[in-house]
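When reading the values below, keep in mind they use all heavy atoms of this one structure, side chains included, and skip hydrogens, waters and symmetry mates. Atoms within each ligand, like the ligands themselves, are counted from 1 in listed order. Predicted model only: the values in this text are computed from it and were never measured.
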Amino acid sequence: MSKPLTIADLKTMARRRVPKMFFDYADSGAWTESTYRANEDDFAKIKLRQRVLVDMTNRSLATQMIGHDVSMPVALAPTGLAGMQHADGEMLAAKAAEEAGVPFTLSTMSICSIEDIASVTTKPFWFQLYVMKDRGFIERLIERARIAKCSALVVTADLQILGQRHKDLRNGLSAPPKWTLNSAMQLATKPFWCLDMLQTKRRGFGNIVGHASNVSDLSSLSAWTAEQFDPRLSWDDIRWIKDLWGGKLIIKGILDDEDARAAADTGADAIIVSNHGGRQLDGAPSSISMLPKMVAAVGDRMEVHLDGGIRSGQDVLKAVALGAKGTYIGRPFLYGLGAMGKEGVTTALEIIRKEMDITMALCGKRDIKDVNSNVIAQNPF
Ligand SMILES: Cc1cc2nc3c(=O)[nH]c(=O)nc-3n(C[C@H](O)[C@H](O)[C@H](O)COP(=O)(O)O)c2cc1C
């Protein structure tokens, strides 16, 4: 394929390069995947106002998310197993994000560890926390994020138990892949991926193995998740984490206004309106459709961010117009990573940046900080 021009181009390239079990792990939602599809489809229902004959020079996408300067209101979302889309994937993505001037969020379930990311970056990154039953392990994880100088903690609230993604079960997803006929066939057709992977030692869950008690092998993600993630997680735990961490706190996975108000009551700095990219409650509404309600509920008390379904700079602009102070991309950067490693993540960010910039200009705006509902022609939500 010639130079990728869209996130869809990167997805096509990733599908060719990445073994099926890991490509599908990214490109999947829970059960019927209806929420996964709605996240993307609902962005297309919002129409923009075309404006003409206004000065379109000297445009700026630079803004702030939770007080941090960002070159555009886009962060990389935490995604588990990014180091299986490409060898050392999280380290490559973190470097691409740093060069692009946007935040990188490392997942608890990453392949590269917190310390690995700190060793290849010069600016602080963000760390996403899954809360496990073993609170001692959580305390140590938070301490490791502090030592690594992470500048925000993103607590994920919408995965106390794991939604079922059929493809993962059918493909026998594990990290590292288990040797079965099924996995051997998936790997045999992806020689470049295999060659890269043979050259790194990072093939397990870097934040967990060797750190959590009694865990040496985590090859079955769903079994470990079911056993370890805390289904009793409560707002009191969020307050405990906030006190323990003492820094900027973002609560991820809010889709309901009552929950948004409870999140604001904790004193957190931001919420992420999110349904985990359609990977948890299938049948939940798209995140963009719930954004206006969340902004109305708590927008005057904390920052409201959004993820889910962003596939272009136009989508980011629409989210900002509906009140999001920042957005996150999950699959778009994973496709870039799978397709071309670090260069692919840079490409994904540049595609989104360019689309956002031109869209903003054609809507008659020059500064992302001036973009509001005024640029929307039709909002079905
Ligand atoms: C492959 C994959 C792995 C993910 N792993 C995590 C994770 O470890 N922690 C988390 O909070 N969210 C995780 N998410 C959810 C993302 O952070 C984000 O909410 C979602 O990807 C946004 O939707 P998008 O992919 O349409 O941009 C994951 C998403 C994907 C696609």
Taking distance alone, with N or O pairs closer than 3.5 Å, would you say [X] contacts ligand 1?
X: T79; result: no
X: Y25; result: no
X: G80; result: yes
X: I310; result: no
X: G309; result: yes
X: P78; result: yes
X: R311; result: yes
X: S107; result: yes

ILVMFWY network linking I250 to I271, side-chain heavy atoms under 4.5 angstrom: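 No, because I250 and I271 fall into different hydrophobic clusters, even though each may have its own neighbours under 4.5 Å.
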
With a distance cut-off below 6.0 Å to the six-membered ring centre and an angular limit of 45° from the axis, does R146 pair with F127 as a cation-pi contact?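 No, R146 does not lie over the aromatic ring of F127.
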
Establish, from distance only, whether the side-chain atoms of D88 and T200 form a donor-acceptor pair under 3.5 Å.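 Per modelled atom types, D88 and T200 side chains form a pair under 3.5 Å.
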
Nearest-neighbour protein heavy atom for atom 12 (N) of ligand 1, which is reported as residue plus atom name and distance: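 Going atom by atom, the protein heavy atom closest to atom 12 (N) of ligand 1 ends up being K252 NZ, 2.9 Å.
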
Tell me the protein heavy atom at minimum distance from atom 10 (C) of ligand 1, and give that distance in Å.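 Residue, atom and distance for the closest contact: Y130 OH, 3.3 Å.
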
Could you list the atoms of ligand 1 found under 4.0 angstrom from a heavy atom of T156?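 In order of number, 10 (C), 11 (O).
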
Of the listed options (E40, Q128, M84, R331), which comes nearest to atom 24 (P) of ligand 1 when hydrogens are ignored and any heavy atom counts?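 Considering heavy atoms of E40, Q128, M84, R331, the nearest to atom 24 (P) of ligand 1 sits in R331.
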
Charged N to carboxylate O under 4.0 angstrom, K342 versus E99?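 Yes, this pair counts.
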
